[in-house]
There are 2 protein chains.
Amino acid sequence: MKITLDDFDHKILQILEQNARLSYAEIGRIISLSQSATKERVMNLVDNGIIRRFSVEVDYRKLGYDLKVLISMKFKNDDFRKFTADLEKFPEIVTCKRVTGEYCLITECILQDSSHLENLIDRLIPYGIPTTSIQLSEISLQKIKSNTKRLKR
Amino acid sequence: MKITLDDFDHKILQILEQNARLSYAEIGRIISLSQSATKERVMNLVDNGIIRRFSVEVDYRKLGYDLKVLISMKFKNDDFRKFTADLEKFPEIVTCKRVTGEYCLITECILQDSSHLENLIDRLIPYGIPTTSIQLSEISLQKIKSNTKRLKR
DNA sequence: TGTGAAATTTAATGGCG
DNA sequence: CGCCATTAAATTTCACA
């Protein structure tokens with residue numbers, strides 16, 4: 001199922017990506033639409049599942065997590081399933097993607113320091129073979145493409 | 001600089017990660033704190049830069065972007081800098097991380113289909129050597145560790 | 001820092017072009 | 001689909017503990 005959005009919907013998404021707490025009234029002012037119409041469109045975006053959720057970007061460095069790494073994992077047999085079932089045991093793993101290619105999984109981990117990393121690797125080794133890359137910096141860009149039709153509820 | 005949060009702050013962050021549009025009144029109800037105190041804490045989190053921004057998670061599949069891939073890049077000389085300077089020319093690249101290890105950059109790309117991928121690879125090749133992994137699925141988990149001190153403005 | 005109350009703004013709903 | 005008007009709820013501000 002592919003849903004096409006009109007310009008209003010795209011503008012709303014762009015605004016919400018930058019500040020998801022803006023009032024409907026204020027969003028409406030920016031895009032020249034009434035409160036009620038703006039609210040209805042936001043609710044349509046949520047109801048259609050285009051907006052998965054309203055969230056918050058946290059700066060973990062300020063909380064003492066100064067080390068961000070990508071750990072790629074290789075597994076034998078079905079150890080992959082054991083690992084994903086145990087993911088809750090690894091609070092430092094923030095995302096876990098299953099991918100094609102040399103590695104089975106690529107995880108993003110938020111860590112305090114290198115001894116925290118060492119500890120994590122020790123806990124990963126029973127499941128498979130981890131390969132660690134330290135994330136030096138990140139450029140984050142959010143973009144949505146334009147279509148021209150109105151979103152239906 | 002490391003900032004420590006108390007239980008109220010942690011609960012607020014957890015709640016906002018799940019629904020960043022909840023009213024201060026409602027958050028306050030959940031954590032048993034008044035509207036005004038809750039609002040002040042959220043504003044402190046923002047002022048301290050712990051909350052980078054309130055955002056929205058978009059389901060791109062519903063917008064016709066059915067293919068998500070990780071593309072790792074190798075570069076010669078300083079082609080790496082040319083590429084990052086030109087990132088705006090690649091609207092399908094959503095994140096771009098500089099990492100240590102075999103590859104210089106790892107990018108996440110949101111694509112419509114395999115011909116879109118082919119087109120992207122053609123545009124990447126002038127900069128460096130891309131290696132593509134298709135993202136089959138993703139498990140996303142947000143967690144914050146507990147400390148016990150009060151956040152200061 | 002937290003609470004409670006008053007003034008202002010926003011959200012939610014329903015009727016109408 | 002969008003606008004306007006009405007009622008309910010939330011935000012903001014401030015005095016006080």
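As a basis for the values below, the full set of heavy atoms in this structure was taken, side chains included, without hydrogen atoms, waters or symmetry mates. Residue numbers start from 1 in every chain, and the chains themselves are labelled A, B, ... in the order their sequence lines are given, proteins ahead of strands.
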Which atom pairs link the protein and nucleotides 4-7 of chain D when you take only N or O atoms and keep those under 3.5 Å?
unit_1	atom_1	unit_2	atom_2	d
D/dC4	N4	A/S36	OG	2.8

Partner of B/E92 under side-chain contact (heavy atoms from CB on, under 4.5 Å), picked from B/K68, B/R123, B/Q112, is B/R123

Partners passing salt bridge (Lys or Arg N to Asp or Glu O under 4.0 Å) against B/R61 (at least two apart in sequence or in another chain):
none

Relative to the 5' end of DNA chain D, which residue comes earlier, B/L22 or A/F8, by the nucleotide with the nearest heavy atom?
A/F8

Without decimals, in angstroms, what is the distance between B/E40 CD and D/dA15 P?
15 Å

Which of A/R98, A/K74, A/M73 passes side-chain contact (heavy atoms from CB on, under 4.5 Å) with A/Y103? It is A/K74

Provide, to the nearest angstrom, the distance between the CZ atom belonging to B/R41 and the P atom belonging to D/dT11.
17 Å

Estimate the overall bend of the helix from C/dT1-D/dA17 to C/dC16-D/dG2 from the end axes over five pairs each, rounded to 10 degrees.
30°

Stretch residues 23-32 of chain A: residues that reach within less than 4.0 Å of DNA chain D through a heavy atom:
none

Shortest non-hydrogen contact from B/F54 toward B/A20
CD2-CB, 3.9 Å

Regarding B/R81 and B/D78, does a basic nitrogen lie under 4.0 Å from an acidic carboxylate oxygen?
no

Considering only NZ, NE, NH1 and NH2 on the basic side and carboxylate oxygens on the acidic side, decide whether B/R53 and A/D59 come within less than 4.0 Å.
no

B/S115: what forms a side-chain hydrogen bond (donor to acceptor under 3.5 Å, both in side chains) with it, not counting sequence neighbours?
B/D113

Distance, rounded to the nearest Å, where A/R21 contributes CZ and C/dA11 contributes C1':
14 Å

Rounded to whole Å, the NZ-C1' distance (A/K39 to C/dG14) equals 12 Å

Rounded to whole Å, CE of A/M43 lies from C1' of C/dT10 at a distance of 15 Å

Side-chain donor-acceptor pairs of residues 26-38 of chain A under 3.5 Å, sequence neighbours excluded:
unit_1	atom_1	unit_2	atom_2	d
A/S34	OG	A/A37	N	3.2
A/T38	OG1	A/S34	O	2.7

Any idea how B/F83 and B/F90 line up, ring-wise: parallel (<30°), tilted (30 to 60°), or perpendicular (>60°)?
tilted

What one should report as the nearest heavy-atom pair of B/Q135 and B/E108 is OE1-OE1, 4.5 Å

Out of B/L117, B/I93, B/D66, which residue meets the side-chain contact (heavy atoms from CB on, under 4.5 Å) rule with B/L111?
B/L117

